[in-house]
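The structure appears below as structure tokens.
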2 protein chains.
Amino acid sequence: MQALAPLELRLTGNRRSVLAVLEQSSRPLTVEEVVSGSGVPTSTAYRNLAELVEAGVVVRVSGVGGGDRHELAEQFSQHHHHHLVCTDCGMVTDFDPSPQLEKLIDREVDALLATSGFEITHHVFDVRGRCRDCVAG
Amino acid sequence: MQALAPLELRLTGNRRSVLAVLEQSSRPLTVEEVVSGSGVPTSTAYRNLAELVEAGVVVRVSGVGGGDRHELAEQFSQHHHHHLVCTDCGMVTDFDPSPQLEKLIDREVDALLATSGFEITHHVFDVRGRCRDCVAG
DNA sequence: CCTGAAATGAGAAGCATTATCACTAGGGCG
DNA sequence: CGCCCTAGTGATAATGCTTCTCATTTCAGG
């Protein structure tokens, strides 16, 4: 995590910690997870995450229950990916989509751009079900 | 809206009203919209919606902010569809996906089934951006 | 009609998130 | 070097959506 400079946000110790936790995770994290993983106080974590979302560095992933999850925006992360969401416990896992599917999705999005009047920024492809643990337990 | 019988839920006046509002809408509704559209008291609307979600008649759509939205499950509605979500005002609109895309999505989901350990129930394909109104200002 | 289980609805309670505000930190400048 | 001004901080209060509580009502079946 380097930039943040072009934005009008100082790279403080707190923000560095929050970003580090997100960077090291392979899945979106709840605020609670960010707090316990970074040591940043809850109120500051909420504020920092909101600022980072506003700045486009972090994205919010709405799961099932128990609060939204956060991860680095794709341009700051490794790669484009989608989510496997457990409808039981809310756990979210990342997965890579096939290039084929992505191509078709892009085409679909282009078509929508033309017909909907929406200014489209991105798409979300989530697959839902029950995770291994919940199926077992 | 006929069934509900096979489930252990009585088709009461309130539930009928809630379902009617959802049935007549072409997009997912917030609880507030369901309340004002049906005349059902807030607490009952929340309870009924939760029961209907539990029963699989209604699905929750997590938008952007300002509360979850609800719509009839696809088997009780007309057709399979996806959502256009405005990241500004939270408005959600339905749209039909191309059969081509659906086919590829199904294939992708099958692959995930085999590799993830997830018991997959359905997928969500949302397109996000700013709606016509919010773009206009 | 009875009767018990399901449903109701107003208000209380719960909880994640946001706002408040006095205080601290830190970069720039006289 | 120290002053200033702004951004950041963090404990706490406030907000707001959602769920819970519980006394009352409805309703299907006997």
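Just the heavy atoms: all of them, side chains too, but no hydrogens, waters or symmetry mates, feed the values below.
- One atom, CG of B:L11, and another, C1' of D:dA28, lie 14 Å apart when rounded to the nearest Å.
- In the hydrophobic clustering, A:V59 connects to no other residue, as no ILVMFWY side-chain heavy atoms lie under 4.5 Å from its own.
- For the pair A:T30/A:R69, a side-chain contact is recorded, criterion being any heavy-atom separation below 4.5 Å from C-beta on.
- At whole-Å resolution of the value, CD in A:E54 and C1' in C:dA19 are 16 Å apart.
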With 3.5 Å as the limit, what N/O pairs link the protein to nucleotides 10-14 of chain C?
{"unit_1": "C:dA10", "atom_1": "N7", "unit_2": "B:S43", "atom_2": "OG", "d": "3.0"}

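- Position along DNA chain D of the nearest nucleotide to B:G13 versus B:R60 favours B:R60 as the more 5'-ward residue.
- Judged by distance alone, the side chain of B:S25 and the main-chain N or O of B:V21 form no donor-acceptor pair under 3.5 Å.
- Residues B:E108 and A:Q100 form no side-chain contact, since every pair of their non-hydrogen atoms from C-beta on lies 4.5 Å or further apart.
- Contact annotation: A:N48 does not reach the phosphate of D:dG10 (side-chain N/O to OP1 or OP2, under 4.0 Å).
- Separating the CZ atom of B:R10 from the P atom of D:dA28 is a distance of 7 Å, rounded to the nearest angstrom.
- Between A:R16 atom CZ and D:dT9 atom C1' the separation is 16 Å, expressed in whole Å.
- Nucleotide C:dA19 holds its C1' atom 17 Å from the CG atom of A:L49, rounded to whole Å.
- Protein atom CG of B:N14 is 5 Å distant from nucleotide atom P of C:dG9, rounded to whole Å.
- Separating the CG atom of A:D68 from the P atom of D:dT18 is a distance of 12 Å, rounded to the nearest angstrom.
- Residues that satisfy the salt bridge (charged side-chain N to carboxylate O under 4.0 Å, His left out) test with A:D88, not counting sequence neighbours, are A:R130.
- A single hydrophobic cluster is seen to contain both A:V53 and A:L72, as judged by linkage of ILVMFWY side chains at heavy-atom distances under 4.5 Å, directly or through other members.
- Regarding B:Y46, its OH atom lies at a distance of 17 Å from the C1' atom of C:dT8, rounded to whole Å.
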